[in-house]
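Each remark here refers to the structure printed beneath this line.
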Amino acid sequence: NGDVVTERNVHTLCDESFPLCMKILQFHLQRDNHLRNGGRFQYTLFLKAIGLPLSNSMFFWKMHFRKRVSEEVFVRRYSYHIRHAYGLEGKMADYPPQNCAEILKGTPGPLEYHGCPFKVLDQDRLIDVLKRSGLKIEACQDILNLSANGSPQNACARYFEMTQGETYPHPTVVHPNDYYDASRNIKR
Ligand code: SF4
């Protein structure tokens, strides 16, 4: 969609245009300077698909992880996985970004933040996350109901509407990168 994406503007693009499943990963990466494997895989592929090149992705992850681990540990434990996601290791598969159906299968354990928040978060945690997005909880009853009633992708479309100020341009959200593109189209 024409945006140049580097490790320096991921944060801004996240605030403006990422779906909630990715905003949560960015939040924890920034806060904890770490993400476990499921979150790293989900987020690396999403960022690759919005246009973050491999070298910038390496900088991006290193910028955070280096606050916790040495360069040597970063290279040994984590850089392989980033190169792998870009199809440069292992099967050399150029992995596509995960769609909502795949993300919805995620069952994050303790200290894991991947998966779809409209499915995996209980109401109290979802309320906290919605507040963090700047939403007033009184206005979020629809999102909470759709989420509690097993319609996470409709809850996500409603979240789009409330944070972007426009109706989601498809019947429901089926891919986080479609969500991102729809938001960038509004910002252009
Ligand atoms: Fe992410 Fe899809 Fe869930 Fe929206 S519905 S938060 S894009 S997994």
Side-chain angles (χ1 to χ4, degrees), residues 1 3 5 10-32 35-52 57 60 85 95-137 139-188:
N1 58 46
D3 289 311
V5 184
V10 166
H11 184 246
T12 309
L13 291 169
C14 175
D15 282 351
E16 289 179 3
S17 296
F18 285 11
L20 194 57
C21 53
M22 304 301 170
K23 276 188 177 155
I24 287 176
L25 293 174
Q26 175 66 26
F27 174 84
H28 285 284
L29 180 59
Q30 253 173 266
R31 194 191 71 177
D32 308 333
L35 279 181
R36 291 190 169 187
N37 192 45
R40 287 203 310 276
F41 193 63
Q42 179 179 309
Y43 201 30
T44 303
L45 293 178
F46 170 80
L47 292 174
K48 176 173 89 163
I50 71 167
L52 186 69
S57 184
F60 174 75
Y95 294 99
Q98 292 178 305
N99 61 28
C100 296
E102 290 168 295
I103 293 172
L104 278 156
K105 284 188 208 145
T107 49
L111 301 179
E112 292 186 320
Y113 306 103
H114 60 283
C116 176
F118 299 111
K119 181 179 173 205
V120 298
L121 297 188
D122 64 31
Q123 294 266 297
D124 286 346
R125 282 186 61 210
L126 187 54
I127 286 172
D128 286 345
V129 169
L130 293 171
K131 280 188 190 156
R132 215 156 68 204
S133 295
L135 297 177
K136 295 226 182 323
I137 286 312
C140 287
Q141 207 48 54
D142 269 11
I143 296 180
L144 294 170
N145 290 344
L146 287 163
S147 178
N149 295 333
S151 303
Q153 291 159 284
N154 294 332
C156 187
R158 191 77 182 98
Y159 176 84
F160 181 97
E161 199 174 320
M162 294 193 61
T163 52
Q164 307 289 323
E166 287 194 21
T167 309
Y168 193 62
H170 310 289
T172 186
V173 182
V174 298
H175 202 300
N177 291 88
D178 290 348
Y179 182 112
Y180 174 79
D181 290 342
S183 168
R184 296 322 290 166
N185 282 340
I186 293 172
K187 310 279 177 212
R188 259 197 298 210

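Since this is a predicted model, take the numbers as computed values, not measurements. Counting starts at 1 for both ligands and their atoms, in listed order. Side chains are part of it too, since the values below use all heavy atoms of this structure and drop only hydrogens, waters and symmetry mates. The first residue of the sequence shown is numbered 1, and numbering continues consecutively from there.
- Nearest non-hydrogen protein atom to atom 2 (Fe) of ligand 1 is Cys100 SG, 2.3 Å.
- Across all non-hydrogen atoms, the minimal contact from Val120 to His114 is CG2-O, 4.4 Å.
- Close contacts of ligand 1 with Val173, meaning ligand atoms under 4.0 Å from a residue heavy atom, involve 7 (S).
- Relative ring orientation between Tyr168 and His170 is described as perpendicular, the plane-to-plane angle rising above 60° on a 0-90° scale split at 30° and 60°.
- By the 30° and 60° cut-offs, the orientation of the rings of Tyr179 relative to Phe160 is perpendicular.
- Scanning all protein heavy atoms for the shortest distance to atom 1 (Fe) of ligand 1 gives Cys21 SG, 2.3 Å.
- With Lys48 contributing its side chain and Ala85 its backbone, the two residues share a donor-acceptor pair below 3.5 Å.
- The closest protein non-hydrogen atom to atom 8 (S) of ligand 1 is Ile103 CG2, 3.6 Å.
- Checking Ala157, Ser147, Cys156, Pro152 against atom 4 (Fe) of ligand 1, the nearest heavy atom belongs to Cys156.
- For the pair Asp3 (side chain) and Val5 (backbone), a donor-acceptor distance under 3.5 Å is absent.
- More than 12 heavy atoms of other residues, nucleotides or ligands sit less than 6.0 Å from atom CZ of Arg132.
- Contacts of Pro19 with ligand 1, taken as heavy-atom pairs under 4.0 Å, involve the side chain alone.
- Near Gln153, meaning under 4.0 Å from any of its heavy atoms, are these atoms of ligand 1: 5 (S).
- By the 4.0 Å heavy-atom criterion, Leu104 is excluded from the residues contacting ligand 1.
- Atom 3 (Fe) of ligand 1 has an N, O or S atom of Cys116 closer than 2.8 Å.
- Side-chain atoms of Asn99 come within 3.5 Å of backbone atoms of Ala101 as a donor-acceptor pair (strictly under, hydrogens ignored).
- Remark: distances from the non-hydrogen atoms of Phe118 to ligand 1 include one below 4.0 Å.
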